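Naming: A, B, ... by sequence-line order, numbering from 1 per chain. Small disclaimer: the values here were computed from a predicted structure and weren't measured. These values consider heavy atoms only, across backbone and side chains, with no hydrogens, waters or symmetry-generated copies.
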2 protein chains.
Amino acid sequence: MTATTLHEPSHREALWELEAAFERGDVVTLFGTCTVEYDGRAASSLGPGARLLVLKPDGSALVHTDEGRTPVNWQPPGSEHRAAVRDGRLRVRSVRTTPAETLDVRFSAVDHLAAYGVTGGRDVEVVGSEADLKERIVADPSLVEAGFEPLATERESEAGHIDVFGRDAEGRPVVVELKRRRVGPDAAGQLARYVNAIEREEPDGTEVRGVLVAPSVTDRARDLLAEEELEHVAVDPAASDDE
Amino acid sequence: MTATTLHEPSHREALWELEAAFERGDVVTLFGTCTVEYDGRAASSLGPGARLLVLKPDGSALVHTDEGRTPVNWQPPGSEHRAAVRDGRLRVRSVRTTPAETLDVRFSAVDHLAAYGVTGGRDVEVVGSEADLKERIVADPSLVEAGFEPLATERESEAGHIDVFGRDAEGRPVVVELKRRRVGPDAAGQLARYVNAIEREEPDGTEVRGVLVAPSVTDRARDLLAEEELEHVAVDPAASDDE
DNA sequence: GCCTTTATTTCGAGC
DNA sequence: GCTCGAAGTAAAGGC
């Protein structure tokens, strides 16, 4: 892996290295004092300050301060990075279309620039997602209730994609909505929409049950579930193989 | 601003510099080959690869590959960073509680380390948010409809916070929900919940109107609005002073 | 491309 | 601390 670094480069030196790094498809980090202007879906302006700029070969751009997980400004993948020196100052501009968005970073001082060939090993295996919960339900339908029989995990309805569809011990259709964590009113509304859609699809008068499978629900969600005559089944969030 | 950089340091040299940087409250970037283990709300495992690790003094940790705006692994602010050398390899561990989460980055090779004093200028002024839309509505209520009179922008209901509440030309109560961009069924559901809540609060039989103010709505949202007898008013998203 | 939903969402406000 | 909703949400999957 090659790493090129410049310590307190001139703006013009930084520009040369930046352009070479773009050419190579490197990931670039830039530390320095800069202002940031963004215009697109919204618009924002950020006064002078010391920041970290990360530029990726896929077009992503991140402006980080010393605080927060979220960049203070950014540009999503698919943007195009361009660098220039204007009035003796390095300027990095990242532009994308649909939607039209521009990120403009103007440096008054560049403290450090590093360019790296970063490749390989992007695949993360995340465990504990909603998909995992679905697998648990299918493997052990009694987690929903005794006698529950899953019929489809990919059923489409007029209202959208239903997590698990099946029938209870008495043969009544059951719509199951899965959430891996405590849920609010939005999830109750989502389940209600699905149940209504299935009621329209089933023969007239068929009673369709709706079950929200989640670790817990908020008070407001509980009220909404009661109002819509939907049910909540508590499941332990993690607990698959580990304890 | 002081910037310390190490090029291809030994694992032990990297450790010393890391600990000094933590002490100083610097932002640190580390390039190298590493594996990443995360365990907390979910769990994940990331095999060896070249990555960029960013450590912030507020406890944030970001693991970036050469793709994507979102880090492949991370730890939110409030975590605590610790570094150590085990079996001759640098290991950075970031831990937080509530919820208990651990991020473990094990390096097989450290290519570059940089530490920076990044301070000041974190405040971004974002224009074009929902709050801006609310100001526009209050300044010109006819954007909702002729004769609309806003009475409250902070009205609380049993179902939650209502963006704008007012009365139409005939004196009927109107619940206005604002969205700065095209909306789906969730927003229609949200508005329906607010309208229902106000109908319960108003004298029996009072007809309460619900108006969704947004640039546009999806087909499904349109159906849902029609079902619930709610209305949609189109507003240009940007368009305040600029054109 | 649009639509829909999930996310280790993050973040902020209010209670 | 929890709840709720916004976000330039991002990212994935389906059409």
Side-chain angles (χ1 to χ4, degrees), chain A residues 38-44 60 62 67-79 96 98-103 124 126-131 133-134 154 156-157 159-163 177-187 190 193-194 216-221 237-238, chain B residues 36 38-44 60-61 63 67-79 96 98-103 124 126-134 154 156-157 159-163 177-187 190 193-194 216-222 237-238:
Chain A
Y38 156 74
D39 194 30
R41 286 169 290 179
S44 77
S60 313
L62 312 168
E67 286 189 344
R69 203 219 69 134
T70 302
V72 68
N73 272 118
W74 69 91
Q75 199 68 293
S79 313
R96 75 157 174 165
T98 56
E101 293 191 297
T102 308
L103 182 73
V124 220
V126 179
V127 175
S129 63
E130 191 181 292
L133 181 55
K134 190 192 291 181
E154 305 292 331
E156 277 304 323
S157 80
H161 180 92
I162 290 168
D163 287 339
E177 173 67 23
L178 305 175
K179 295 291 172 191
R180 56 182 300 281
R181 49 179 227 173
R182 184 171 174 83
V183 297
D186 52 336
Q190 200 181 338
R193 293 201 304 274
Y194 295 160
S216 59
V217 299
T218 67
D219 288 352
R220 208 109 83 189
Chain B
V36 186
Y38 155 73
D39 194 30
R41 287 168 291 178
S44 77
S60 312
V63 181
E67 286 189 345
R69 203 216 70 135
T70 303
V72 69
N73 272 120
W74 68 90
Q75 198 69 292
S79 313
R96 75 158 174 165
T98 58
E101 292 191 296
T102 307
L103 182 73
V124 220
V126 179
V127 176
S129 63
E130 189 181 294
D132 287 299
L133 182 55
K134 190 192 291 179
E154 305 293 330
E156 279 304 323
S157 80
H161 178 92
I162 289 168
D163 287 339
E177 174 66 24
L178 305 174
K179 294 292 170 188
R180 57 179 301 280
R181 49 179 226 174
R182 184 173 174 84
V183 297
D186 53 334
Q190 200 181 335
R193 294 202 302 274
Y194 295 161
S216 60
V217 299
T218 66
D219 287 352
R220 207 109 84 186
R222 189 175 302 282

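Residue-level contact check: Asn73(A) touches the bases, meaning some heavy atom is under 4.0 Å from a base atom. Residue Ala159(B) is in sugar-phosphate contact alone, with no base atom involved, counting any heavy-atom pair closer than 4.0 Å across all strands shown. Counting non-hydrogen atoms under 4.0 angstrom, Gln190(A) reaches the backbone sugars and phosphates but no base. At a threshold of 4.0 angstrom between heavy atoms, the contacts of Ala221(B) with the nucleic acid are absent. The residue Pro77(B) sits close only to the backbone: its heavy atoms come under 4.0 Å of sugar-phosphate atoms, none of a base. Within the 4.0 angstrom heavy-atom criterion, only backbone atoms of the sugar-phosphate kind lie near Glu130(B); the bases stay farther away. Contacts of Gly68(B) with the nucleic acid, taken as non-hydrogen atoms under 4.0 Å apart, involve only primed sugar atoms and P, OP1 or OP2. Heavy atoms of Ser129(A) sit under 4.0 angstrom from primed sugar atoms or phosphate atoms, though from no base atom.
Of the candidates dG8(D), dT8(C), dA7(D), dT8(C) carries the atom nearest the Ala42(B) side chain, counting heavy atoms from C-beta on. Closest to the side chain of Glu177(B), out of dA6(D), dT8(C), dT9(D), is dA6(D). When the nucleotides dT8(C), dG8(D), dG5(D) are ranked by their closest atom to the side chain of Tyr38(B), dT8(C) comes out on top. Of the candidate nucleotides dA7(C), dC11(C), dT9(C), dT9(C) has the atom lying nearest to any side-chain atom of Arg41(B). Closest to the side chain of Arg220(A), from the set dG8(D), dA7(D), dC4(D), is dC4(D). Checking dT5(C), dC11(C), dC4(D) against the side-chain heavy atoms of Pro185(B) singles out dT5(C) as nearest. Comparing dA7(D), dT6(C), dT10(C) by their closest approach to the side chain of Arg181(A) singles out dT10(C). Picking from dA7(C), dA7(D), dA10(D) the nucleotide with the shortest atom distance to the side chain of Trp74(A) gives dA10(D).
Glu156(B) has its CD atom 9 Å from the P atom of dG14(C), to the nearest Å. Across the protein-nucleic acid pair, Glu154(B) atom CD and dC4(D) atom P stand 18 Å apart, rounded to whole Å. One atom, CD of Gln75(B), and another, C1' of dT9(C), lie 14 Å apart when rounded to the nearest Å. Here dT4(C) presents its C1' atom at 17 Å from CZ of Arg222(B), a figure rounded to the nearest Å. What separates NE2 of His161(A) from P of dG13(D) is a distance of 11 Å, to the nearest Å. Rounded to an integer number of Å, the gap from CG of Asp132(B) to P of dG8(D) is 11 Å. Lys134(A) has its NZ atom 13 Å from the C1' atom of dA12(D), to the nearest Å. As rounded to whole Å, 12 Å separates atom C1' of dT6(C) from atom CG of Leu178(A).
Under the 3.5 Å distance criterion, with hydrogens and angles disregarded, a donor-acceptor pair is assigned to the side chains of Tyr38(B) and Glu101(B).
Heavy-atom distances to DNA chain C give each of Asp186(B) and Leu103(B) a nearest nucleotide, and the one nearer the 5′ end belongs to Asp186(B). Across the interface with DNA chain D, nearest-nucleotide mapping of Asp163(B) and Thr70(B) shows Asp163(B) to be the residue nearer the 5′ end.
Remark: the separation of the P atoms in dT5(C) and dG8(D) is 22 Å, to the nearest Å. Taking the C1' atom of each, dA7(D) and dT6(C) are spaced 15 Å apart, rounded to whole Å. Between dA11(D) and dC11(C), the distance separating the two P atoms is 15 Å to the nearest Å.
For Thr98(A) and dG1(C), the shortest distance from a side-chain N or O to OP1 or OP2 is below 4.0 Å. Phosphate proximity of dC4(D) to Arg193(B): absent, as no side-chain N or O sits under 4.0 Å from OP1 or OP2. Taking side-chain N and O atoms only, Tyr194(B) has a distance below 4.0 Å to OP1 or OP2 of dG5(D). Between Arg180(B) and dT9(D), a side-chain N or O to OP1/OP2 separation shorter than 4.0 Å is present. The phosphate of dT6(C) (OP1 or OP2) has a side-chain N or O of Lys179(A) nearer than 4.0 angstrom. When the side-chain nitrogen and oxygen atoms of Arg69(A) are compared with OP1 and OP2 of dA10(D), none of them lie within a distance under 4.0 Å. Of the side-chain N and O atoms in Arg182(B), none sit less than 4.0 angstrom from OP1 or OP2 of dG1(C). In terms of phosphate contacts, Thr218(A) brings a side-chain nitrogen or oxygen within less than 4.0 Å of OP1 or OP2 of dC4(D).
Here Leu178(B) contributes atom CG and Asp163(B) contributes atom CG; the two are 4.5 Å apart, rounded to the nearest 0.5 Å. Note that the OG atom of Ser44(A) and the CG atom of Asn73(A) stand 4.0 Å from one another [nearest 0.5 Å].
With respect to the salt-bridge test (charged N to carboxylate O, under 4.0 angstrom), the residues Glu154(B) and Lys134(B) qualify.
Here the side chains of Gln190(B) and Lys179(B) are in contact, with some heavy-atom distance below 4.5 Å. Side-chain atoms of Ser157(A) and Arg193(A), non-hydrogen and from C-beta on, never get closer than 4.5 Å to each other.
Although no hydrogens or angles enter the test, the distance criterion places no donor-acceptor pair under 3.5 Å between the side chain of Asp132(B) and the main chain of Val127(B). Using modelled atom types, one side-chain atom of Arg180(A) and one backbone atom of Arg41(B) make a donor-acceptor pair closer than 3.5 Å.
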